[in-house]
Amino acid sequence: MSEETKSLNFIEHIIEEDIQNGLSKDKLRFRFPPEPNGYLHIGHTKAIGISFGLGEKYKAPVNLRFDDTNPAKEEQEYVDAIKRDIAWLGYEWANELYSSDYFQTLYEWAVQLIKDGKAYVDSQTSEAMAEQKGTPTQPGVDGPYRNRSVEDNLDLFERMKNGEFEEGEHILRAKIDMQHPNMLMRDPLMYRILKKHHHRTGNDWCIYPMYDWTHGESDYIEQISHSLCSLEFKPHRELYNWFKEHVYGYASKELPMLPKQREFARLNLSFTIMSKRKLLKLVEQGIVSGWDDPRMPTISGLRRRGYTPNAIRHFIERVGVAKRENVIDVSLLEFCIREDLNKSAPRVMAVLDPIKLIVTNYPEGKEEWLEAENNPGDETAGSRQVPFTRELYIERADFKEEASNKFFRLKLGSEVRLKNAYIIKGEHVVKDANGNITEIHCTYSTDTEKKVKGTLHWVSIKHAIKAEVREYDRLFMDEAPDSHQDRDFMEFINPNSLKTIEAFVEPSLADVSIGDRFQFQRLGYFNVDDDSTPEHLVFNKTVGLRDSWAKQKPKPQQNQNHNKPQQQKQRPAIEVIKQLGKKYTNLPEAKQEKSKAEILKLAEEVSYDDLQPLFNTATKKVGTRIATMIALGVLLKNGLQRNDDINSFIAKALEDKNELLVNEASAL
RNA sequence: UAACUUGUGGUGUAACGGCAGCAUGGAAGAUUUUGAAUCUUCCGGUACAGGUUCGAAUCCUGUCAGGUUAACCA
């Protein structure tokens, strides 16, 4: 893969431009700054992929920095989990760092800022300060402590640090501009008193710096060249720059480079929530078994589910980087894991919903061990032996007494292949008192060269191993569970997201290890769960195989509702008409007819005032004029009075070179 | 109602004024001891208008539509 053929995303363009403008490549430095207050999820992998990916691309260091400035929410457990997840994804950080490492420096700089008259201690209640802050549409007003003397500020701040005050009594804020259009610039908080134990600094501090003050300065201390974060931090950039420019005056010798914050759109996945707070709620309420429940979108959940680091990295590459709000379909993630596992996972046979199959012409007591390929796409994968006997299990769904030609599976009177074994023919069925099939009787033929339409997987009853299989469905029934203002995301939880099945697997799986991944042929990819023991095997269904047969069958009623986006964009009719018009002349005739019909319909909702401005449409934009003409026709038919504007619009159209336009005009 | 920001096939993302491409998705066919995979073909797009230009997805203006921002969270 040559470097040139790969197109750059907008961040890479920025970096290339900076290099063009003289930034030395060895000054490039990135960081990934999680707060250790929860587990990493699939959304974080985008940020991880961007920063660590850039590090790999430019051979630049990437720091892992824990943004641990709020001791109330942060724990060592999360630090450990985050490190494990990033390492598992295959990324290496240059330095493991903590914002709390910089508390002393930050404190000293804050004192400097006070001395320079750029920060002050405020002693009001948070409510009073919120009041003065104004709203996005209304400017704020200065508070009563804004002009405290430098001496008072220094004294109070020192005493805050020494623990002389209770939480909430005083805070330190930057002195910027209470009337600033950007609310973050209205004297933002820099320090609050928090008498909490910190997971690293213990009880050394009782004042803790806020995000905006800490984050940019940590970037600066680490000499990060490009500080990349998600779009919601865009408004913070102005403040980020304000702080960094002021601090630069105190340290420009030792720390010559000013970092640059840039923002990208974060990842949204359909049918998934991506908020740590909400994920925590699922854990706390026992909706899932923990942060690593295979249904969770956390990295540890995906890992336990059987996802590979490779698949996740490919997913992130395909998702791309831009500033546009996006919703990625989960099916892309599923594609990525299938793609990876298809290459690497050994094939085996397992029956999840068994029905007994008796091969009546196969001798009782006989047993053959047949050769089976481990991976047809990979010759080096070798083969194994599977036992064949007179009594087998096959999948209940693989048999019907009667069915159409479209059903390629076992029917009475017709033949299918048993994978790796013989061709069989359905003969008759045994039913219980309720009419349920309990046994299928068939005969076999050793002519395996025969062409048959269907191939079934199976296991020998005598040799099969019982195993627990956990099958997962999406956790939420709604495409965007946390996007509804009027409904809580918990309302959309899928009550049937976990199905536990007692399955039968082929004997070669007797000695699997936790984490091993397989393809259960014709069913999907499965891995060995952490709960698995040699006595009691447990498999997770990672993802099913692509199933074009399932699409042909009538869809089960219930999943109708989680298909369509419920808030279809309702654009004004005139907008749609314009859009149809723009393309009108490029369309083949049949489609023009369709467009015209649509315009005729939409025109019913259009008023003369909507349409009138289009009379001035440039001569060369014929399509728009045609659409306007068609719509005008409808309005005239509905009783609109002709006027000079209309008449001259029609007259001009009649002189046009375009036949379609002339036709529409003369029709009026 | 303010400031900032974003509009390219169903979805995501390229094209830095010059052939709208890639991936996913959907459809059809070939192949097949997995209704998988593989291979081939097809479907489908620059929000709208005006302007600048030989030439606009790209630059300018306006309109429309989304998003973000008012925690002693990050």
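Predicted, not measured: the structure shown is a model, and the values here were computed from it.
For B:U13, its base never sits under 3.5 Å from the side chain of A:Arg318 at any donor and acceptor pair. Applying the 3.5 Å distance criterion, the base of B:G35 shares no donor-acceptor pair with the side chain of A:Arg546. Contact of A:Gln519 with B:U34 (side chain to base): a donor-acceptor pair of N or O atoms is detected under 3.5 Å.
Here A:Ser126 lies in heavy-atom contact (under 4.0 Å) with a base. No contact: A:Phe66 has no heavy atom under 4.0 Å from any strand. Contacts of A:Ser331 with the nucleic acid, taken as non-hydrogen atoms under 4.0 Å apart, are absent. As judged by a 4.0 angstrom heavy-atom cut-off over every strand, A:Asp67 is placed among residues touching the sugar-phosphate backbone only. No contact: A:Asn37 has no heavy atom under 4.0 Å from any strand. Among the atoms of the strands shown, none is found under 4.0 Å from any heavy atom of A:Gly377. Backbone-only engagement by A:Lys234 is indicated by non-hydrogen atom pairs under 4.0 Å involving sugar-phosphate atoms exclusively. At the heavy-atom level, A:Glu325 lies under 4.0 Å from the strands shown only through sugar-phosphate atoms.
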Under 3.5 Å, sequence neighbours excluded: what are the donor-acceptor pairs made by side chains of residues 611-618 of chain A?
unit_1	atom_1	unit_2	atom_2	d
A:Gln612	NE2	A:Asp645	OD2	3.0
A:Thr617	OG1	A:Leu614	O	2.5

Show me the donor-acceptor pairs, under 3.5 Å and distance only, between side chains in residues 165-172 of chain A and residues at least two apart or in other chains.
unit_1	atom_1	unit_2	atom_2	d
A:Glu167	OE2	A:Lys195	N	2.7
A:Glu169	OE2	A:Glu166	N	2.7
A:His170	ND1	A:Ser123	OG	2.7

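Along RNA chain B, the nucleotide nearest A:Glu373 and the nucleotide nearest A:Asn70 are compared for position; the residue whose nucleotide lies closer to the 5' end is A:Glu373.
B:G51 sits 43 Å from B:G26 when the P atoms are compared, rounded to a whole Å. Here the separation of B:A47 from B:U6, taken at their P atoms, is 14 Å to the nearest Å. Comparing the C1' positions of B:U13 and B:G7 gives an interatomic distance of 14 Å, to the nearest angstrom. B:G29 and B:U53 have their C1' atoms separated by 47 Å, given to the nearest Å. For the P atoms, the distance from B:C48 to B:U11 is 15 Å, rounded to whole Å. One P atom belongs to B:C73, the other to B:G12, and the distance between them is 35 Å to the nearest Å. Remark: the separation of the P atoms in B:G9 and B:A49 is 16 Å, to the nearest Å.
With sequence neighbours left out, the ring-ring contact (aromatic ring centres under 6.0 Å, His included) criterion links A:Phe243 to A:Trp213. Residues passing the salt bridge (Lys or Arg N to Asp or Glu O under 4.0 Å) test with A:Asp329: none are found, sequence neighbours excluded. The salt bridge (Lys or Arg N to Asp or Glu O under 4.0 Å) search around A:Arg237 returns A:Glu263, not counting sequence neighbours. A:Ser344 is linked by a side-chain hydrogen bond (donor to acceptor under 3.5 Å, both in side chains) to nothing, counting only residues two or more places apart in sequence or in another chain. By the salt bridge (Lys or Arg N to Asp or Glu O under 4.0 Å) test, A:Lys451 pairs with no residue at all, sequence neighbours left out. In this structure A:Tyr107 satisfies the ring-ring contact (aromatic ring centres under 6.0 Å, His included) test together with A:Phe157, A:Trp205, sequence neighbours excluded. Annotation: ring-ring contact (aromatic ring centres under 6.0 Å, His included) contacts of A:Phe388 (sequence neighbours excluded): A:Tyr362, A:Tyr422, A:Trp458.
The side chain of A:Arg266 contributes no N or O atom lying less than 4.0 Å from OP1 or OP2 of B:A74. Checking the phosphate oxygens (OP1, OP2) of B:A36, no side-chain nitrogen or oxygen of A:Arg338 falls inside 4.0 Å. Remark: A:Lys323 is in phosphate contact with B:U6, judged by side-chain N or O atoms under 4.0 Å from OP1 or OP2. For A:Arg192 and B:C73, the shortest distance from a side-chain N or O to OP1 or OP2 is below 4.0 Å.
Residue A:Arg262 qualifies as enclosed at atom CZ: its count of foreign heavy atoms under 6.0 Å is above 12.
Atoms CD (A:Glu334) and C1' (B:A37) sit 17 Å apart, rounded to a whole Å.
In the set B:A36, B:G25, B:C72, the nucleotide with an atom closest to the side chain of A:Leu545 is B:A36. Closest to the A:Lys73 side chain, of the nucleotides B:C73, B:G35, B:U34, is B:C73. When distances are taken from the side chain of A:Phe335 to each of B:G25, B:U34, B:G35, the shortest belongs to B:G25. Distances were taken from every side-chain heavy atom of A:Ser7 (C-beta onward) to each of B:A14, B:U6, B:A74; the shortest belongs to B:A14.
Residues from residues 444-452 of chain A that place a heavy atom under 4.0 Å from any atom of RNA chain B, listed by number: A:Thr448, A:Lys451.
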For the pair A:Thr448 and A:Arg417, evaluate side-chain contact (heavy atoms from CB on, under 4.5 Å) and give the outcome as yes or no after the intermediate values.
CA-CA 8 Å; A:Thr448 58; A:Arg417 181 187 305 281; 4.0 Å; yes
Verdict with supporting geometry, A:Lys73 and A:Asn70, side-chain contact (heavy atoms from CB on, under 4.5 Å):
CA-CA 6 Å; A:Lys73 293 204 288 185; A:Asn70 185 359; 3.6 Å; yes
In B/S/- notation (B base, S sugar-phosphate only, - none; protein heavy atoms under 4.0 Å), nucleotides 49-63 of chain B written 5' to 3' is SSS-B----------
Secondary structure of RNA chain B per the Watson-Crick/G-U criterion (both distances under 3.5 Å; [ ] crossing, | other strand, . unpaired) is .((((((..((((....[..))))((((((.......))))))...(((((..]....))))))))))).....
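Between A:Arg146 and A:Asp187 there is a salt bridge, with a side-chain nitrogen of the basic residue lying less than 4.0 Å from a carboxylate oxygen of the acidic one.
Side-chain N/O atoms of A:Asn374 and A:Arg347 include no donor and acceptor closer than 3.5 Å.
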